[in-house]
Trainee: 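Quick one: the structure is below, questions incoming.
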Amino acid sequence: MIKVIRADITGLSCDVIVNAANQALRGGGGVDGAIHRAAGPKLLEACRKIGGCPTGEARITPGFKLAAKWVIHTVGPVWHGGDHGEAALLASCYRNSLELALHQGARTVAFPGISTGVYGYPKEQACRIALGIMREYEDRFDGIICCCFSDEDKRIYDETLSATD
Ligand code: ADP
């Protein structure tokens, strides 16, 4: 089942929350900063040990002080107009994150809108890609949660989800 909610992802008690990380895995602004603050300094330590993550790939760490058991860090593409492979890279983020979650035995996974903040990916297009990959995997989880940070983002997800039912 795919569920759309409006929430702060750092407060969700599901098996996995996904982080919109950067290649260095060193924390940052936006959702990344919020997840690091809520998880505590051990998260940065775990990310340092991993070293980094190329765009489109995903890496897993424990959730430390978070209610979520695990954090999957995925690095979305920076939007450069759409003809630099952005769509394929964004799809890879969702696919690789869900594969990693399955491998970990996760039953519930929550995603923010990867790349739709500072990285500038147009929200409607990003939402269609996200939901397309989630649909492929939804039967293998108890829940895949689209965690929207604003009413406007939630409206986009709700509309896109019902248009592709
Ligand atoms: P990126 O660099 O991949 O664009 P951002 O963190 O800038 O990542 O934004 C990704 C998305 O996460 C945006 O839609 C933003 O509104 C959302 N976001 C920011 N903080 C939170 C949070 N605490 N919980 C859920 N979503 C968040």
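Model, not experiment: these values are computed from the prediction. One is the number of the first residue; the rest follow in order along the sequence. Counting convention: from 1, in listed order, for ligands and their atoms alike.
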Trainee: How far is atom 23 (N) of ligand 1 from the closest protein heavy atom, and which atom is that?
Mentor: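 Of the protein heavy atoms, Asp8 OD1, 2.9 Å lies nearest.
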Trainee: So, do Ile114 and Ser97 sit near enough that their side-chain heavy atoms are less than 4.5 Å apart?
Mentor: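 In short, these two side chains do not touch, never coming nearer than 4.5 Å.
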Trainee: For atom 24 (N) of ligand 1, grab the closest protein heavy atom and report residue, atom and distance to one decimal in Å.
Mentor: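 The protein heavy atom lying closest is Ile9 N, 3.0 Å.
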Trainee: Which protein heavy atom lies closest to atom 22 (C) of ligand 1, and at what distance to 0.1 Å?
Mentor: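 Atom 22 (C) of ligand 1 sits closest to the protein heavy atom Phe149 CE1, 3.3 Å.
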Trainee: Say whether Ser92 and Glu57, considering side chains only, have a donor N or O and an acceptor N or O under 3.5 Å apart.
Mentor: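 Not at all, the side chains of Ser92 and Glu57 share no donor-acceptor pair under 3.5 Å.
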Trainee: I'd like to check which ligand 1 atoms, numbered from 1 as shown, lie under 4.0 Å from a non-hydrogen atom of Asp153.
Mentor: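 Answer for ligand 1: 14 (O).
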Trainee: In ligand 1, which numbered atoms sit nearer than 4.0 Å to a non-hydrogen atom of Lys123?
Mentor: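 Close to Lys123: 14 (O).
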Trainee: Under 4.0 angstrom from atom 27 (C) of ligand 1, is there any protein heavy atom?
Mentor: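 Within 4.0 Å of atom 27 (C) of ligand 1, protein heavy atoms are found.
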Trainee: Hey, what's the ring geometry for Tyr137 with Phe141, parallel, tilted or perpendicular (30° and 60° as the breaks)?
Mentor: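 Ring orientation, 0 to 90° scale: tilted.
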Trainee: Counting only heavy atoms, tell me which of Gly113, Cys127, Ala20, Gly30 gets closest to atom 10 (C) of ligand 1.
Mentor: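 Comparing heavy atoms across Gly113, Cys127, Ala20, Gly30, the nearest one to atom 10 (C) of ligand 1 lies in Gly113.
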Trainee: Quick one: nearest non-hydrogen protein atom to atom 6 (O) of ligand 1, plus distance?
Mentor: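 The answer is Val31 N, 2.9 Å.
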Trainee: What is the closest protein heavy atom to atom 7 (O) of ligand 1, and at what distance does it sit?
Mentor: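 Ranking protein heavy atoms by distance from atom 7 (O) of ligand 1, first comes Val118 N, 2.9 Å.
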Trainee: When you check the gap from the basic side-chain N to the acidic O, do Asp15 and Lys69 get nearer than 4.0 Å?
Mentor: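 So Asp15 pairs with Lys69 through a salt bridge.
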Trainee: Any donor-acceptor pair under 3.5 Å linking the side chain of Asp142 with the backbone of Thr108?
Mentor: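 Flag not set: sc Asp142 to bb Thr108 has no pair under 3.5 Å.
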Trainee: Tell me whether Ser115 reaches ligand 1 (any heavy atom closer than 4.0 angstrom to a ligand atom).
Mentor: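 It does, in that a heavy atom of Ser115 comes within the 4.0 Å cut-off of ligand 1.
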Trainee: With sequence neighbours left out, write down each residue that passes side chain to side chain donor-acceptor pair (under 3.5 Å) with Ser13, or none if nothing qualifies.
Mentor: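 None.
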Trainee: Going by heavy-atom distance to atom 5 (P) of ligand 1, choose the closest among Gly11, Gly33, Gly117.
Mentor: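 Going through Gly11, Gly33, Gly117 one by one, Gly117 has the nearest heavy atom to atom 5 (P) of ligand 1.
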Trainee: Tell me the protein heavy atom at minimum distance from atom 13 (C) of ligand 1, and give that distance in Å.
Mentor: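 I find the closest protein heavy atom is Thr116 OG1, 3.5 Å.
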Trainee: If you define the side chain from C-beta out and look only at heavy atoms, does anything of Pro41 sit under 4.5 Å from His36?
Mentor: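 Sidechains of His36 and Pro41: no contact.
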Trainee: Identify, with sequence neighbours excluded, every residue that meets side chain to side chain donor-acceptor pair (under 3.5 Å) alongside Glu159.
Mentor: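 Partners of Glu159 by the side chain to side chain donor-acceptor pair (under 3.5 Å) criterion, ordered by chain and then number, come out as Arg155.
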